[in-house]
Every structure is written in structure tokens, then in C-alpha cells.
Number of protein chains: 2
Amino acid sequence: MRLARRASADEQVARRPRLLGVSGKMGENDAIRVAVSTVIFSLRSAPEGDRLMLPLVRRTREPYRGAWALPGGWLDAAENLDAAASRTLAETTALDPGYLEQLYTFGDVDRAPSRTISIVYWALLRSDYVDAQRSASDAPENVEWFDVDAIPPLAFDHNRIADYALDRLRNKVGYSRIAASLLPDEFTLTELREVYEAVLGRRLDPSNFRRLLEGSDELVPTESFRTGKHRPARLYRYNADA
Amino acid sequence: MRLARRASADEQVARRPRLLGVSGKMGENDAIRVAVSTVIFSLRSAPEGDRLMLPLVRRTREPYRGAWALPGGWLDAAENLDAAASRTLAETTALDPGYLEQLYTFGDVDRAPSRTISIVYWALLRSDYVDAQRSASDAPENVEWFDVDAIPPLAFDHNRIADYALDRLRNKVGYSRIAASLLPDEFTLTELREVYEAVLGRRLDPSNFRRLLEGSDELVPTESFRTGKHRPARLYRYNADA
DNA sequence: TCAAAAGTGTTGGGGATACACCCATGT
DNA sequence: ACATGGGTGTATCCCCAACACTTTTGA
């Protein structure tokens with residue numbers, strides 16, 4: 001599968017003259033704070049079928065008190081970046097991600113009142129875990145899921161970050177098998193195709209989709225079938241190795 | 001000093017209680033320092049033809065004093081990330097990059113004696129600028145160019161970083177037109193092909209390469225020809241728009 | 001028996017590769 | 001003239017989109 005690539009927009013910024021003598025030694029970047037945020041995606045049932053959604057948290061502090069924002073927190077001096085992302089993810093959803101990858105580091109001087117750089121990760125969650133948690137109603141407070149096509153205005157530059165993560169997800173779905181991370185262990189080809197359709201936002205030909213994935217070594221057929229209203233569909237699982 | 005702690009992406013790390021009443025508020029990550037480094041690529045003539053090379057700087061301080069390292073410096077509290085990358089690049093080569101993009105942020109707890117995260121960029125430099133500077137012998141001190149196939153042991157985790165940047169360059173050359181940034185404004189198709197060959201490390205069919213790029217809208221033929229030992233070759237330039 | 005989803009077969013276009021071949025120039 | 005790189009033509013293969021078609025189930 002192939003789809004259009006995205007080009008990151010990076011602007012050339014003119015060299016800023018350094019005021020020597022302001023700080024004695026190099027390495028004294030006292031005023032810089034380091035945050036880690038995560039854009040979390042999962043599928044959730046909606047009237048129009050499964051929709052790609054992400055959780056946002058309502059801010060309880062200034063600045064942007066009361067606004068929606070991406071889950072995140074300050075980097076602890078004794079934890080790795082991946083660990084910080086996992087931690088903030090767990091604090092938000094109490095769930096293990098099936099996929100977690102660093103996205104980009106945002107650090108414009110004016111993106112927050114005090115100089116803050118945000119190392120942003122993105123993650124995929126299995127839809128059945130999320131649904132189970134919702135029905136168990138032990139979901140964390142101040143967290144709400146939003147359709148990626150209806151994200152409200154967010155605090156800081158988080159709208160830009162969420163858009164960037166969505167681009168990356170859509171791009172990467174085209175050439176890797178991360179879609180697995182949004183589904184339970186076993187699934188039908190139609191369910192997998194619907195994941196691709198929800199992520200990409202367009203319909204795919206069922207027969208070509210079948211051939212494409214059956215031809216690859218990524219899927220392993222099982223002996224089980226999902227029975228429903230019509231002809232039963234074979235269940236598949238992802239090939240763990242290669 | 002702090003002991004190294006390795007955490008996988010899935011590991012849930014409990015929030016470590018913060019010692020000291022220096023600050024009770026979140027957001028005081030006092031012990032974390034932020035560096036910006038850049039992996040710079042350019043083509044340089046070698047006996048076997050043009051080779052892809054990168055500049056390294058010799059460290060004059062502990063740790064790793066005397067070892068080769070990637071160019072970089074501390075992030076200034078008043079400059080954007082891109083600006084910091086441009087600045088460290090200018091300090092190393094005194095040249096403007098034709099291409100500059102953020103690569104990844106490395107932040108393992110044990111990657112340096114004191115907790116340091118490095119926001120790494122990668123850049124491409126026009127070969128004619130680099131050659132001109134070399135002959136003008138106003139090159140910066142303590143800087144030396146190395147073939148990407150013969151990178152010496154580097155300080156910190158810089159070998160891993162350089163390998164990562166090289167992967168990204170080779171991958172991106174396949175689907176984008178960044179190769180332009182390694183050449184002067186005008187060039188022949190053979191010169192452009194040799195750039196691709198130097199980057200990818202394999203030979204390409206001249207006729208297919210020609211058709212590929214003439215068919216795209218990326219190249220604009222000029223009326224000039226490069227005369228040499230044989231039939232003159234038409235000069236092209238990259239299409240500025242789209 | 002019919003609707004609908006599961007699953008198969010067939011065709012054709014476009015891009016990539018391999019390679020035969022002609023063209024223009026300096027020596 | 002001839003060697004060498006510049007440049008053109010063309011056949012083949014493979015991937016994949018399009019779509020007609022058959023199979024299997026629940027109702």
C-alpha cells in the first residue's frame with residue numbers, strides 16, 4: 001500500500017546574535033522546561049461506524065485553564081523519554097498502548113508563557129480495551145474522547161501537534177502494519193479493512209484488500225470463524241515474527 | 001551521579017517522589033539540560049569519485065575530551081529549535097544549509113554523565129560551497145570531514161545518532177527531491193545521478209534515471225551545456241515551485 | 001428464495017527494470 | 001576513426017485498481 005508522503009515544514013530561521021556574558025558557562029539553560037505529551041489514537045463505535053478518536057484532558061491550571069489539551073506531563077530527571085510517554089499515557093487512560101513512537105519535538109520560544117519544549121509521542125490503543133474501560137466506568141476524570149474530524153480548539157499549539165500526529169498515522173498506515181495495534185488479537189479481514197478505512201478516511205476495495213494482505217506474510221489465518229448475520233468470516237491474527 | 005535505568009516503551013514507571021523542597025511545583029525539572037546537535041552531510045571529491053561525508057568536531061572538554069563528536073551546543077533560552085540548529089551548524093562550517101530538518105530527540109538517562117537530552121537535526125550542504133571553503137582555507141578549527149562509511153568511534157551515543165541520520169537520508173532520497181540540496185544551482189543529469197549513487201551506495205541505470213526525472217516536473221532544462229571530454233550535456237535546475 | 005457479506009477470477013494501465021541502439025564530441 | 005559519455009526507443013515484468021462473478025449464510 002502506498003500513499004502520498006508528507007513534507008515537514010521547516011523554516012530557516014536567521015541566526016540570532018548571542019549576548020555573550022549573560023550567562024557564564026555554556027550549559028546553563030536554566031529557564032528551559034521539558035514536557036512530554038502523547039497523541040493517543042483508538043477506534044470507537046459511532047453511529048456512522050467505527051471512528052478514529054483521541055482522548056483530551058481538561059486543564060485545571062493556568063494558562064488555558066478549562067481548555068482541552070493533549071495528555072502530558074513534565075519529564076522526570078530520572079526517567080527515559082519513552083518511559084515518560086508511557087507514564088503520561090497511563091495517567092490518562094490507564095491502558096497499555098499497542099504502539100508508541102516519538103513524533104517530534106516542539107520548542108518555539110513563544111509556544112507557552114514560559115520557555116517549554118514538548119517531546120511529543122503518538123500511540124495506538126486496542127479498541128476492545130478502550131470499550132471495556134468505558135463500560136466498566138473506571139475511566140479517568142477530566143478525560144473525553146473526540147473524533148479526529150471534530151477536534152475542538154486546544155491549549156498551546158496542541159491543534160498543530162494533533163494534526164501532525166494524524167498525518168503521520170495516515171502516512172504510516174500505508175506502508176506498515178501498525179493497524180494491528182488498533183484491533184484485538186483476532187479479527188476478520190473486513191474488520192481490518194474498516195480500520196484502514198477509518199484511518200484513511202476513504203473506502204477500499206474488499207477483494208483487492210484481501211489479496212493484498214493474504215499475499216503478504218503479515219497475516220496468519222486461524223480455524224475460527226466469526227458468525228453474524230451472513231456468511232461466516234474467517235478470523236486472522238497478525239504474524240508475530242516478521 | 002545517577003545510576004542508569006533502562007525502561008522499555010511498555011514499562012510503566014511509577015512517578016518518582018521528588019526530593020527536596022527546592023520547589024514543590026511541577027515543572028521544575030532543574031537537572032535536565034537541553035542540547036541541539038546536527039548531522040551534516042555533503043559530497044566531497046575522493047579518489048573513487050564523490051563520496052558522502054560529514055563533519056565532526058574534536059571535543060576540547062570532558063567528558064570524552066579529544067574524541068570526535070557531532071557538532072552541537074546548548075539550546076539558548078531565547079532561540080527556537082531550528083535557530084539553534086542553524087547556529088551550531090554555522091559555528092561548525094560557516095555555511096548555510098540547503099536543507100535542514102529535525103531528526104529525533106535522544107534522551108536516555110544514561111547517555112551522558114549529567115542528564116542531557118539532545119534534539120538532533122540533519123542538514124545537507126551544497127558541495128561547491130564546501131569545496132570553495134576548503135580551498136579558501138578559512139575552515140573552522142577542530143573540524144574534519146569523514147566518509148560516512150568510515151566514521152570513527154564517537155563521543156556519547158553519537159555513532160547511533162549518525163547511523164540514524166544516514167538511514168533517514170537514504171530513505172528520504174528515495175521519495176523526495178532533497179538531492180538538489182547537495183548540488184549547485186545547475187547540474188547535468190549525470191551529476192545528479194551520481195549524487196543518488198553516492199547517497200544510496202549503488203549504481204543506477206542512466207537511461208531510466210533520465211526518464212524518471214525528465215518525466216517529473218521537478219527538473220527544468222536550461223539552454224546551457226556542460227562541455228567536457230565528450231558530447232556536451234544539458235544543464236538542468238530544480239523547479240522552485242511544486 | 002433473496003439479500004448481503006465472504007471470497008475468487010480476470011483484465012488492463014502504469015511504473016520500474018533491462019538493454020539495444022543512435023548521437024555528438026575530443027583526441 | 002574511435003572511444004566515451006549523452007541521449008532515445010522498446011520489450012517485459014509486476015503491482016494494483018477496477019469490477020464481474022461465485023459461494024455461503026441468516027432470515
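Just so we're on the same page: letters track the sequence lines, and every chain starts at 1.
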Under-4.0 Å salt bridge between B:Glu191 and B:Arg226: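 Salt bridge: yes.
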Ion pair check, A:Arg203 and A:Glu197, cut-off under 4.0 Å: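 Between A:Glu197 and A:Arg203 there is a salt bridge, with a charged N closer than 4.0 Å to a carboxylate O.
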Whole-Å distance between [N] [atom2] and [X] [atom1]?
{"X": "A:Phe209", "N": "C:dT8", "atom1": "CZ", "atom2": "P", "answer": "15 Å"}
{"X": "B:Leu204", "N": "C:dC19", "atom1": "CG", "atom2": "P", "answer": "15 Å"}
{"X": "A:Arg203", "N": "C:dA5", "atom1": "CZ", "atom2": "C1'", "answer": "13 Å"}
{"X": "B:Asp205", "N": "C:dG15", "atom1": "CG", "atom2": "P", "answer": "17 Å"}
{"X": "A:Glu191", "N": "C:dA5", "atom1": "CD", "atom2": "P", "answer": "14 Å"}
{"X": "A:Leu213", "N": "D:dC16", "atom1": "CG", "atom2": "P", "answer": "11 Å"}

4.5 Å side-chain heavy-atom contact, A:Leu54 and A:Leu166: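 A:Leu54 vs A:Leu166: side chains apart.
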A:Tyr129 atom OH, over 12 foreign heavy atoms within 6.0 Å: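 Counting neighbours around OH of A:Tyr129, 12 or fewer heavy atoms of other residues, nucleotides or ligands fall under 6.0 Å, so no.
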Aromatic centroids of A:Tyr238 and A:Phe187 separated by under 6.0 Å: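 Distance test on ring centres: under 6.0 Å, yes.
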Under 4.0 Å protein heavy-atom contacts per nucleotide of nucleotides 3-12 of chain D, with B for base, S for backbone only and - for none: -BBBSBBB--
Check against salt bridge (Lys or Arg N to Asp or Glu O under 4.0 Å), A:Asp185 and A:Arg126: CA-CA 9 Å; A:Asp185 290 330; A:Arg126 277 174 58 156; 3.2 Å; yes
